[in-house]
*Asks:* 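Have a look at this one before I ask anything.
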There are 2 protein chains.
Amino acid sequence: MTDPDSPEPKFRRRAEARPDEVLDAALSLFDEKGYAHTSVAQIAKTAGLSKGAVYLYFPSKQAILEGLVRRAVSPIATRAQALVDLTSDDARATLRALFSLIATSLGDPKVLAVPKVVIREAVVAPEIAAMYRREVFDHVLPAATEIIRQGIASGQLRPVDPELTLRSIIGPIVVHLLLAEIFDIVPENGLSLDQLIENHLDILFHGVFLSPEGSTDA
Amino acid sequence: MTDPDSPEPKFRRRAEARPDEVLDAALSLFDEKGYAHTSVAQIAKTAGLSKGAVYLYFPSKQAILEGLVRRAVSPIATRAQALVDLTSDDARATLRALFSLIATSLGDPKVLAVPKVVIREAVVAPEIAAMYRREVFDHVLPAATEIIRQGIASGQLRPVDPELTLRSIIGPIVVHLLLAEIFDIVPENGLSLDQLIENHLDILFHGVFLSPEGSTDA
DNA sequence: TGCTACTGACTGACCGGTCAGTTATTTTCT
DNA sequence: AGAAAATAACTGACCGGTCAGTCAGTAGCA
């Protein structure tokens, strides 16, 4: 399931590959049945070793969860840089690029599974939520906010609140996935992130109203 | 806390008030520590009775969770009706009214706590997620979608996809709360739902761009 | 022989659910 | 009225099961 390069190692002795195998097993089980309802013995069995061996690589069950998040999180600092790099002179193009980055990232179920688990276990393991925040959101959110700020500075975007507008930009994607993953609620035309993004971009570009009249300051 | 009419009932004997007391205790504990990490004994202690007594009112721990959701859910069908009723000729006013309904509902932490718990336990207790879907989303989402559809039919809204646009409308509120509740990420200007809604309405009304140029059909 | 990788039986703690028994309240009887 | 019986509300020790984590021992390898 994990590595088809070794032909048939009846009793495998490859300490280096083990931690990743354990993490793979844990992720799929956590995603499927939740952290609390997954026993270390099940993780071990799925990974193809014994319970005791798991504890050679991870000091506790929670450490497995931590390792999982850490492994998922490390490439993201890179992505945040990519986010900055994709900024072009054309704010519209930048926005499109941003969405395509998000869509391709979150399209992979394995990537999506980690934040799902983190959100579920945030109450029980606040340190993990904090780590996820530190390693992901503290990189990605400021980068994205900065893009908006630049768009305003360059005169292409209207003078909206960058932080709040960021929520207006990514919010729809999150609910879309939330409704689908948790409640199995999918639009009639299917769960197409691309369609959602297309419709959402249209709204961001033009608003929802036909007539531009009506000044609406509070 | 519940009934100040009996002065000092050292050993209280009021079977009628009990279930609600148990649910109150359970909600605060589930919200705080999660379902799995809350024992029935703790719920009992918090509610001020013994473990055995809890089982006089609820056949199982899961039934407590069900009761919690059921109690929270029952007023919502009414709200969905209110949602239909608030539809006016002015689509802008309708949208504002919709948001103010959402903001006042979700502003109450006790109301918000229930869907939070449901989302967390959805994997473990899919029947409960299904019930929540049936009793809440299956009423609220179609009602809201219909409002959008009417706005399009009356020529006030641009011909967007109603189902996807609904996600563009409510999405920002959900992420806003998600970021705040789970990751403690709050905008510089504070966690003000009103400000977020104001900014979001502005975007929905006018889009984010200054220049209306650039036709962007897929 | 010595070392690394691994095993799985075992332990201690926790917890959902039960139930025999206790305490307060109400009803019935005198 | 008060005593006695019946009933409703409640208690908490206990049982069975699960599970995270341990450890004495085994298997392959140099």
Side-chain angles (χ1 to χ4, degrees), chain A residues 2-3 6-27 29-30 32-68 117 121 123-125 127-128, chain B residues 2-3 5-26 29-30 32-68 117 121 123-125 127-128:
Chain A
T2 43
D3 253 0
S6 51
E8 267 285 342
K10 199 164 183 179
F11 277 169
R12 22 221 203 111
R13 292 297 179 95
R14 296 164 301 109
E16 292 189 8
R18 287 305 202 192
D20 256 321
E21 292 173 3
V22 173
L23 292 182
D24 287 340
L27 179 56
L29 288 169
F30 288 169
E32 185 187 333
K33 324 181 348 170
Y35 178 83
H37 281 65
T38 300
S39 71
V40 175
Q42 283 166 12
I43 297 172
K45 194 180 170 191
T46 305
L49 33 57
S50 72
K51 188 178 165 184
V54 170
Y55 282 91
L56 295 175
Y57 303 107
F58 297 93
S60 67
K61 186 185 177 186
Q62 167 136 354
I64 300 175
L65 180 54
E66 283 174 27
L68 209 48
V117 173
E121 300 308 322
V123 189
V124 173
E127 332 82 58
I128 291 186
Chain B
T2 43
D3 254 359
D5 52 355
S6 50
E8 267 284 344
K10 198 163 183 181
F11 279 169
R12 23 221 203 113
R13 294 297 179 96
R14 295 163 300 109
E16 292 191 8
R18 287 307 201 191
D20 257 320
E21 291 173 5
V22 172
L23 291 182
D24 287 341
L29 288 169
F30 289 169
E32 185 185 334
K33 325 183 344 171
Y35 177 84
H37 281 66
T38 300
S39 71
V40 175
Q42 283 165 12
I43 297 173
K45 195 181 169 190
T46 305
L49 33 58
S50 71
K51 190 178 164 183
V54 170
Y55 283 91
L56 296 174
Y57 303 108
F58 298 93
S60 69
K61 188 186 176 186
Q62 168 136 355
I64 299 175
L65 179 54
E66 283 173 26
L68 211 46
V117 173
E121 301 307 324
V123 189
V124 174
E127 333 82 56
I128 290 185

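Computation of the quantities below employed the complete heavy-atom set of this structure, encompassing side-chain atoms and omitting hydrogens, waters and symmetry-equivalent molecules.
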*Asks:* Taking only residues two or more places apart in sequence, or in another chain, which ones meet A:Leu27 in a side-chain contact (heavy atoms from CB on, under 4.5 Å)?
*Replies:*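 For A:Leu27 the side-chain contact (heavy atoms from CB on, under 4.5 Å) partners, ignoring immediate neighbours, are A:Leu68, A:Ala113, A:Val114.
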*Asks:* Only counting residues at least two apart or in another chain, list the ones meeting side-chain contact (heavy atoms from CB on, under 4.5 Å) with B:Val124.
*Replies:*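 If we apply the side-chain contact (heavy atoms from CB on, under 4.5 Å) test to B:Val124, skipping adjacent residues, the hits are A:His37, B:Glu121.
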*Asks:* Roughly, in whole Å, what's the span from CG in A:Leu49 to C1' in C:dG8?
*Replies:*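 Answer to the nearest Å: 13 Å.
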*Asks:* Give the B/S/- string for nucleotides 14-25 of chain D, one per nucleotide from 5' to 3', where a protein heavy atom under 4.0 Å of the base yields B, of only the sugar-phosphate yields S, and otherwise -.
*Replies:* ------BBB---
*Asks:* Once side-chain hydrogen bond (donor to acceptor under 3.5 Å, both in side chains) is applied, do any residues pair with A:Gln62, and if so which ones, sequence neighbours excluded?
*Replies:*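 Counting only residues at least two positions away or on another chain, A:Gln62 forms a side-chain hydrogen bond (donor to acceptor under 3.5 Å, both in side chains) with A:Glu127.
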*Asks:* Let me know the distance between CZ of A:Phe58 and C1' of C:dC6, rounded to the nearest Å.
*Replies:*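 My rounded result for the distance is 16 Å.
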*Asks:* Taking side-chain hydrogen bond (donor to acceptor under 3.5 Å, both in side chains) as the test, write out the residues that go with B:Lys45, two or more places apart.
*Replies:*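 Applying side-chain hydrogen bond (donor to acceptor under 3.5 Å, both in side chains) to B:Lys45 gives none.
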*Asks:* In chain order, what residues pass the side-chain contact (heavy atoms from CB on, under 4.5 Å) check against A:Ser50, with sequence neighbours excluded?
*Replies:*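 Applying side-chain contact (heavy atoms from CB on, under 4.5 Å) to A:Ser50 gives A:Ala53.
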